[in-house]
Q: 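Take this structure first; my questions come after.
Chain A is the first sequence line, chain B the second, and so forth, proteins listed ahead of strands; every chain is numbered from 1. Since the model is a prediction, treat every value here as computed from it, not as a measurement.
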There are 2 protein chains.
Amino acid sequence: MSVTLKDVAALAGVSRSAVSRTFTEGASVSAKTRSKVEKAAKELGYSPNALASSLTTGRTKLIGLISNNFHNPIFLEVFDQFTRALQDRGLRPLIVNLTDETEPANSVRMLRQYSVDAAIVASSTLPPSFAKAFHDAGVPVVHTFGRSATSPEVHVVGIDNVECGRMAARELVARGYRRVGYLGGPQDATSAMDRYRGFMEEVEKHPDLKVSHSFAGAYSFEAGRAEMLRLLADTPADGYFCGDDILSIGALSALRDHGLEPGKDIGIIGLNDMEMSRWESIDLTTIHQPIKQIITASVDLVEEMLKDPERYPEARIFPCRVIERGTLRPRP
Amino acid sequence: MSVTLKDVAALAGVSRSAVSRTFTEGASVSAKTRSKVEKAAKELGYSPNALASSLTTGRTKLIGLISNNFHNPIFLEVFDQFTRALQDRGLRPLIVNLTDETEPANSVRMLRQYSVDAAIVASSTLPPSFAKAFHDAGVPVVHTFGRSATSPEVHVVGIDNVECGRMAARELVARGYRRVGYLGGPQDATSAMDRYRGFMEEVEKHPDLKVSHSFAGAYSFEAGRAEMLRLLADTPADGYFCGDDILSIGALSALRDHGLEPGKDIGIIGLNDMEMSRWESIDLTTIHQPIKQIITASVDLVEEMLKDPERYPEARIFPCRVIERGTLRPRP
DNA sequence: ACAAATCTTGCAATCGGTTGCAAAGATGAG
DNA sequence: CTCATCTTTGCAACCGATTGCAAGATTTGT
């Protein structure tokens with residue numbers, strides 16, 4: 001079958017310990033032994049069994065990557081970045097695709113069975129308690145795109161959703177929209193509610209505004225489109241903050257169906273700045289979320305937790321900024 | 001730290017073997033022992049260490065999932081389906097994100113270090129030799145979206161790309177397009193070349209047709225758009241087969257920029273039928289690739305290989321069909 | 001109630017590595 | 001050249017499980 005430590009040791013004429021040591025960083029082996037071992041290893045095509053060694057070292061370099069967002073195209077970018085960032089640092093992503101029914105306890109158990117060194121919960125819709133379940137089970141965890149808090153119970157990396165809500169509201173107001181609406185993600189998503197809070201907080205400073213809000217059933221094209229179609233059937237607002245680019249794109253599709261020109265007849269501002277928003281046919285004005293930095297920071301935190309598991313939970317919140325494109329009328 | 005077999009055995013007052021046996025299917029344990037053990041296990045919150053047991057059983061239930069397609073939105077659907085299909089059967093996906101430089105040897109080594117039970121290469125752009133490298137290293141492998149062959153060297157699941165090329169050509173001809181073009185993916189992608197072959201084979205039956213072809217730099221929106229813009233600068237064809245929906249969508253964007261109406265001025269037929277193609281603003285006529293069936297079949301094959309590693313390589317090829325939408329003029 | 005057949009159970013070896021410890025070897029100072 | 005010091009090495013125990021085997025416990029048949 002597969003070649004083991006013992007085989008290499010036999011061929012090289014040294015003890016198993018010697019072989020083990022040549023493959024572990026910073027162990028004491030003479031140059032002579034090392035070269036004998038390396039020669040034998042190459043000859044046999046040996047490579048150490050990571051799982052077996054994890055038994056004694058207690059480190060698997062496996063990182064659980066948990067998400068429930070397999071329908072928002074932004075998550076392909078997220079997975080791309082996460083998987084690369086992890087493997088660049090010698091860590092291996094073990095994916096968990098949360099379906100609606102899966103309860104936290106299940107994923108926690110599963111990831112513990114595989115002795116993951118840490119877990120990353122990548123979702124803006126899961127509650128802080130979900131991430132906390134890992135922490136409580138002794139699995140270091142960072143909640144990426146999680147709810148920001150001044151004293152979080154687990155590491156959180158993401159943006160200030162409330163502030164983004166305000167930012168969007170300010171932007172609509174500054175461009176002279178007077179009937180403004182919030183079109184958010186599902187009401188049980190923490191991100192949707194936080195963005196809503198910020199939005200309302202800001203618009204309430206302007207008593208002359210007419211304000212409305214509604215929530216789509218999911219962060220998806222279809223949900224955004226359906227919700228906007230519903231709004232258009234009645235008296236719509238003239239400027240909307242859509243809680244996510246994919247909702248915005250759905251909403252844009254609804255507008256065009258009604259022969260309305262986005263940015264002229266009705267304004268839309270999104271959130272995320274995903275690749276697609278840049279497409280000429282979409283050209284969405286949106287709030288940029290610095291995905292790359294967020295992911296790098298998340299993986300940084302994972303590494304730091306591996307060094308010091310007792311590390312005090314921290315929130316790393318990144319600033320967002322408005323990206324000017326074609327779906328809002330210009331500032332006066 | 002974490003609770004082990006021994007702890008449970010001690011608390012339950014039985015041997016370690018007894019505990020192990022209550023947790024392994026079909027082992028011989030009396031009802032009495034079993035209940036004692038289960039009680040103790042629950043009390044301690046014990047769950048067996050999958051990695052430790054893999055040492056003796058030789059099964060990790062880890063499946064390597066290897067891809068280089070992190071920019072085509074269809075792959076979010078693919079990942080969604082794969083991860084669910086695997087975890088529904090108690091298997092765990094270990095992701096490898098192939099960047100351009102990564103050579104096969106690296107991923108093979110890495111996955112062997114983690115003793116994956118099998119590997120799935122999910123890519124239409126990688127050559128058969130890539131998948132074969134896993135096979136040669138003793139890792140059971142299935143190449144999903146791989147090149148179909150009558151006697152493949154490894155399991156292949158996918159579609160007949162040559163036939164899809166023919167199908168697209170027939171469709172264009174039947175609808176009266178006389179100047180037809182192939183706009184394919186990168187030339188080093190096997191799928192792009194196979195689709196090209198089929199397309200040419202079919203159009204060459206009609207000597208009166210004017211035929212052209214070109215290849216985009218990647219399977220991406222930007223590449224499709226760029227290539228179509230280039231074509232429009234000269235004398236474009238009147239009907240195109242774009243080798244992938246995302247290329248098509250890029251091409252459509254280029255057409256609209258030039259004030260051309262897809263389906264009227266210039267016809268486009270894609271391949272994949274990804275979610276986005278259904279969007280009203282895109283409404284792409286395309287060849288449907290049965291992703292779900294392909295993935296289910298791939299995971300089926302994985303399971304069968306686990307039972308019988310010597311299984312003879314097999315190609316499972318699924319039929320495709322044209323989905324009529326708005327980017328080709330109707331058949332006469 | 002007894003022998004034979006069938007179940008259960010614990011012992012101990014094993015999977016592929018790692019690591020503390022003490023002995024052996026190398027190096028340097030005097 | 002001797003002794004003290006620092007490296008290198010192999011032994012053996014261990015990580016957390018599984019499993020063949022033989023002994024002990026139960027069940028079954030008569």
Side-chain angles (χ1 to χ4, degrees), chain A residues 1-38 40-41 44-62 109-117 138, chain B residues 1-38 40-41 44-62 92 109-117 138-139:
Chain A
M1 260 313 270
S2 100
V3 17
T4 76
L5 203 59
K6 196 159 55 178
D7 306 323
V8 181
L11 178 61
V14 298
S15 73
R16 286 151 64 230
S17 334
V19 179
S20 169
R21 286 195 255 255
T22 65
F23 283 96
T24 50
E25 201 73 18
S28 148
V29 235
S30 67
K32 198 165 50 171
T33 324
R34 150 156 288 142
S35 77
K36 274 196 295 188
V37 169
E38 280 172 347
L44 297 174
Y46 168 77
S47 76
N49 180 328
L51 269 24
S53 70
S54 83
L55 251 191
T56 36
T57 60
R59 289 238 167 296
T60 54
K61 302 198 167 213
L62 290 173
R109 194 160 36 70
M110 198 234 96
L111 290 176
R112 289 221 323 174
Q113 285 185 190
Y114 281 85
S115 317
V116 294
D117 287 348
Chain B
M1 262 309 269
S2 101
V3 17
T4 78
L5 205 58
K6 196 158 58 177
D7 305 323
V8 180
L11 179 60
V14 297
S15 74
R16 284 152 61 231
S17 335
V19 179
S20 170
R21 284 194 256 257
T22 65
F23 283 97
T24 50
E25 202 72 16
S28 152
V29 236
S30 68
K32 197 165 51 172
T33 323
R34 151 155 288 143
S35 77
K36 273 196 297 189
V37 170
E38 282 173 345
L44 296 175
Y46 169 76
S47 76
N49 180 328
L51 268 25
S53 71
S54 84
L55 250 191
T56 36
T57 61
R59 290 237 165 299
T60 55
K61 303 203 165 208
L62 290 173
R92 312 289 163 208
R109 194 162 35 71
M110 196 234 100
L111 289 176
R112 289 221 323 173
Q113 287 187 342
Y114 281 85
S115 315
V116 294
D117 287 347
V139 179

Q: Between A:Thr60 and A:Ser115 (side chain of the first, backbone of the second, donor and acceptor by atom type, cut-off under 3.5 Å), is there such a pair?
A: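 Yes; judged by distance alone, with no hydrogens or angles, the pair exists.
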Q: Looking at every non-hydrogen atom in both residues, tell me the closest pair between B:Leu55 and A:Ala52 and how far apart they are.
A: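 B:Leu55 and A:Ala52 have their closest heavy atoms at CD2-CB, 4.0 Å.
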Q: Just the rounded figure in Å: distance from C1' of C:dC15 to CG of A:Leu51.
A: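 Distance, rounded to whole Å: 12 Å.
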Q: Within the structure shown, what part of the strands sits under 4.0 Å from B:Ser28 by heavy-atom distance: base, sugar-phosphate, or nothing?
A: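 Counting heavy atoms under 4.0 Å across all strands, the contact made by B:Ser28 includes a base.
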Q: Over all strands shown, is B:Val19 touching base, sugar-phosphate only, or nothing at heavy-atom distances under 4.0 angstrom?
A: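 Nothing, no nucleic acid heavy atom in range.
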Q: How is B:Phe23 classified with respect to the nucleic acid when contacts are heavy atoms under 4.0 Å: base, sugar-phosphate, or nothing?
A: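 Nothing: the residue B:Phe23, judged by heavy atoms under 4.0 Å, touches no strand.
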Q: Can any side-chain N or O of A:Ser20 pair as donor or acceptor with the backbone N or O of A:Arg16 at less than 3.5 Å?
A: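 Answer holds: no.
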Q: Write down the distance between CG (B:Leu5) and C1' (D:dC15), rounded to a whole number of angstrom.
A: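 Whole-Å distance recorded here is 12 Å.
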Q: Rounded to the Å, how far apart are A:Arg112 CZ and D:dG16 C1'?
A: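 Answer to the nearest Å: 14 Å.
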Q: Once you round it to whole Å, what is the distance between C1' of D:dT19 and CZ of B:Arg16?
A: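 Between C1' of D:dT19 and CZ of B:Arg16: 12 Å.
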Q: When the distance from CD of A:Glu25 to C1' of C:dT18 is rounded to whole Å, what number comes out?
A: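 One finds 15 Å between C1' of C:dT18 and CD of A:Glu25, rounded.
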Q: Establish, with yes or no, whether the OP1 or OP2 oxygen of C:dG16 is under 4.0 angstrom from a side-chain nitrogen or oxygen of B:Tyr114.
A: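 No, no such contact exists.
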Q: If you round to the nearest 0.5 Å, how far is OH of B:Tyr46 from OG1 of B:Thr4?
A: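 Spacing of OG1 (B:Thr4) from OH (B:Tyr46) equals 7.0 Å.
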Q: What integer distance in Å separates A:Lys36:NZ from D:dT8:P?
A: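 To the nearest whole Å, that distance equals 14 Å.
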Q: Starting the side chain at C-beta, find the nucleotide from D:dT8, D:dA17, C:dG16 nearest to B:Thr56.
A: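 For B:Thr56, the side-chain atoms sit closest to D:dA17.
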Q: Is B:Lys61 atom NZ crowded by more than 12 heavy atoms from other residues, nucleotides or ligands, each under 6.0 Å away?
A: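 No, not enclosed.
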Q: Measure distances between side-chain N and O atoms of A:Ser54 and base N and O atoms of D:dC15, and say whether any donor-acceptor pair falls under 3.5 Å.
A: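 Not at all, since no donor on one side and acceptor on the other fall under 3.5 Å apart.
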Q: Run the side-chain contact (heavy atoms from CB on, under 4.5 Å) test on A:Leu5 and A:Phe23 for me, step by step, so that the C-alpha distance in whole Å, both residues' side-chain angles and the decisive distance to 0.1 Å come before the verdict.
A: CA-CA 10 Å; A:Leu5 203 59; A:Phe23 283 96; 5.6 Å; no
Q: For A:Thr57 and for B:Leu55, locate the closest nucleotide of DNA chain C by heavy-atom distance; then report the residue assigned to the nucleotide nearer the 5' terminus.
A: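 By nearest-heavy-atom nucleotide position, the 5'-most residue is B:Leu55.
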Q: Could you tell me the separation between the CG atom of A:Asp7 and the C1' atom of C:dC15, rounded to a whole number of Å?
A: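 Result: 13 Å.
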Q: Tell whether B:Ser17 reaches the base of C:dC11 with its side chain through a donor-acceptor pair below 3.5 angstrom.
A: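 It does, because a donor-acceptor pair links the side chain of B:Ser17 to the base of C:dC11 below 3.5 Å.
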Q: With hydrogens left out and only the distance checked, is there a donor-acceptor pair under 3.5 Å joining A:Arg21's side chain and the base of C:dG17?
A: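 No pair found.
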Q: For A:Leu44 and C:dG16, give me the distance from atom CG to atom P, rounded to whole Å.
A: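 Taking CG of A:Leu44 and P of C:dG16, I get 14 Å after rounding.
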Q: Tell me whether the OP1 or OP2 atom of C:dG10 has a side-chain N or O from B:Ser15 closer than 4.0 Å.
A: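 Indeed, a polar side-chain atom of B:Ser15 lies that close.
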Q: Tell me what B:Ser20 touches on the nucleic acid: a base, only sugar-phosphate, or nothing, going by heavy atoms under 4.0 Å.
A: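 Touches a base.
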Q: Want to settle it: does B:Pro48 or B:Lys32 sit nearer the 5' end of DNA chain D, counting the closest nucleotide to each?
A: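 Between the two, 5'-proximity favours B:Pro48.
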Q: Across the strands shown, which category fits A:Ser30 at heavy-atom distances under 4.0 angstrom: base, sugar-phosphate, nothing?
A: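 Answer is sugar-phosphate: A:Ser30 comes under 4.0 Å of backbone atoms only.
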